[in-house]
Amino acid sequence: MYKFEDRIRDICKRLDIPSEYESRYGLPIQYEEDSLVEIGSDIYNRAQYLSKEAAISWNKMRKQANEEGIRLEVVSAFRSVDKQLSIIERKLEQGQSISEILEVSAAPGYSEHHTGKAIDITTPSGEPLVESFELTEAYRWLNKNASLYSFYLSYPRDNSGGVAYEPWHWAYCK
Ligand SMILES: [Zn+2]
């Protein structure tokens, strides 16, 4: 049987991702969720998906925020291993080196977005996927309330794995 781990190892080898990648960033393999629920469209009008439990909680959290005048918008939620692979291949084609790419993108098989529990959030007043999201009202609201919905910041500033700080990336964890 061709296991998920073998598939990931083969992809990483093909991309010349160093074998110490996993230990260097302390990133575990992230399994692909196969049971997904649509959560509406992202800011680019693409349909987005989460695992069922994460979707239920996300919808509740978004609704509550909205009632308090805070608009939470989706930049990206579930992402397959194949999609992560194509993002990295595109960057390689554009001339970036694999080590540059891995500074900002997880290797295929290592993105929390594979699990259907992670979501990149933005708000109309902010630019998506930039550190200054931490200065928005939406971020302040999330910081105070997201844990009530079992959403947590995966990569806080100065996290132990040395992964870049991502104030927009929240994951459902229960
Ligand atoms: Zn993310």
Side-chain angles (χ1 to χ4, degrees), residues 8 11-12 15 17 21-22 24-34 36-55 57-59 61-62 65 70-91 96 98 100-136 138-143 145-147 149-174:
I8 297 310
I11 291 174
C12 288
L15 290 172
I17 290 173
Y21 172 78
E22 198 171 315
R24 189 193 310 161
Y25 290 97
L27 294 173
I29 284 231
Q30 302 282 1
Y31 293 90
E32 227 173 25
E33 174 63 54
D34 51 17
L36 296 161
V37 173
E38 198 185 327
I39 53 161
S41 298
D42 64 20
I43 53 170
Y44 309 109
N45 250 333
R46 305 170 299 192
Q48 288 291 339
Y49 303 85
L50 285 174
S51 74
K52 191 175 172 206
E53 276 200 311
S57 199
W58 162 252
N59 288 334
M61 179 164 82
R62 188 184 208 182
I70 303 292
R71 280 189 52 204
L72 303 180
E73 295 187 323
V74 183
V75 184
S76 177
F78 170 78
R79 204 181 299 141
S80 67
V81 170
D82 284 340
K83 178 71 189 175
Q84 191 74 6
L85 174 59
S86 72
I87 290 171
I88 290 178
E89 284 174 332
R90 193 174 338 121
K91 290 182 175 183
Q96 295 187 43
I98 192 68
E100 283 171 327
I101 296 167
L102 294 176
E103 289 294 315
V104 290
S105 300
Y110 294 88
S111 170
E112 242 185 13
H113 288 277
H114 300 333
T115 66
K117 294 185 168 67
I119 187 163
D120 294 333
I121 302 172
T122 189
T123 195
S125 67
E127 197 186 322
L129 312 182
V130 292
E131 212 173 281
S132 61
F133 178 66
E134 69 176 355
L135 304 173
T136 62
Y139 177 78
R140 228 168 301 142
W141 190 92
L142 285 164
N143 224 8
N145 299 291
S147 63
Y149 301 89
S150 305
F151 275 92
Y152 300 90
L153 203 57
S154 298
Y155 311 114
R157 201 186 283 285
D158 302 324
N159 60 79
S160 58
V163 178
Y165 173 48
E166 293 191 355
W168 60 84
H169 177 111
W170 295 76
Y172 178 80
C173 180
K174 205 160 196 179

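When a ligand or atom number is given, it counts from 1 through the structure's own listing order.
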**Complete:** With Phe78 as partner, the option from Val37, Leu50, Leu36 fulfilling side chain to side chain contact (heavy atoms under 4.5 Å, CB included) is Leu36
**Heteroatom of His113 nearest to the Zn ion (ligand 1) (N, O or S, atom name)** = NE2
**Message:** To the nearest 0.5 Å, what is the distance between OH on Tyr21 and OH on Tyr110?
**Reply:** 7.5 Å
**N, O or S of Glu112 under 2.8 Å from the Zn ion (ligand 1)** = no
**Prompt:** Only one of Met61, Glu53, Glu112 clears side chain to side chain contact (heavy atoms under 4.5 Å, CB included) with Tyr172; which?
**Reply:** Glu53
Which pairs would a plain distance check flag for residues 117-129, meaning a side-chain donor or acceptor within less than 3.5 Å of a matching protein atom at least two apart in sequence or in another chain?
{"unit_1": "Asp120", "atom_1": "OD1", "unit_2": "His113", "atom_2": "NE2", "d": "3.2"}
{"unit_1": "Asp120", "atom_1": "OD1", "unit_2": "His169", "atom_2": "ND1", "d": "3.2"}
{"unit_1": "Asp120", "atom_1": "OD2", "unit_2": "His113", "atom_2": "NE2", "d": "3.2"}
{"unit_1": "Thr123", "atom_1": "OG1", "unit_2": "Arg71", "atom_2": "O", "d": "2.6"}

**Fill in**
Restricting His169 to its N/O/S atoms, the closest one to the Zn ion (ligand 1) is ND1
**Item:** Which atom of Asp120 approaches the Zn ion (ligand 1) most closely (N/O/S)
**Value:** OD1
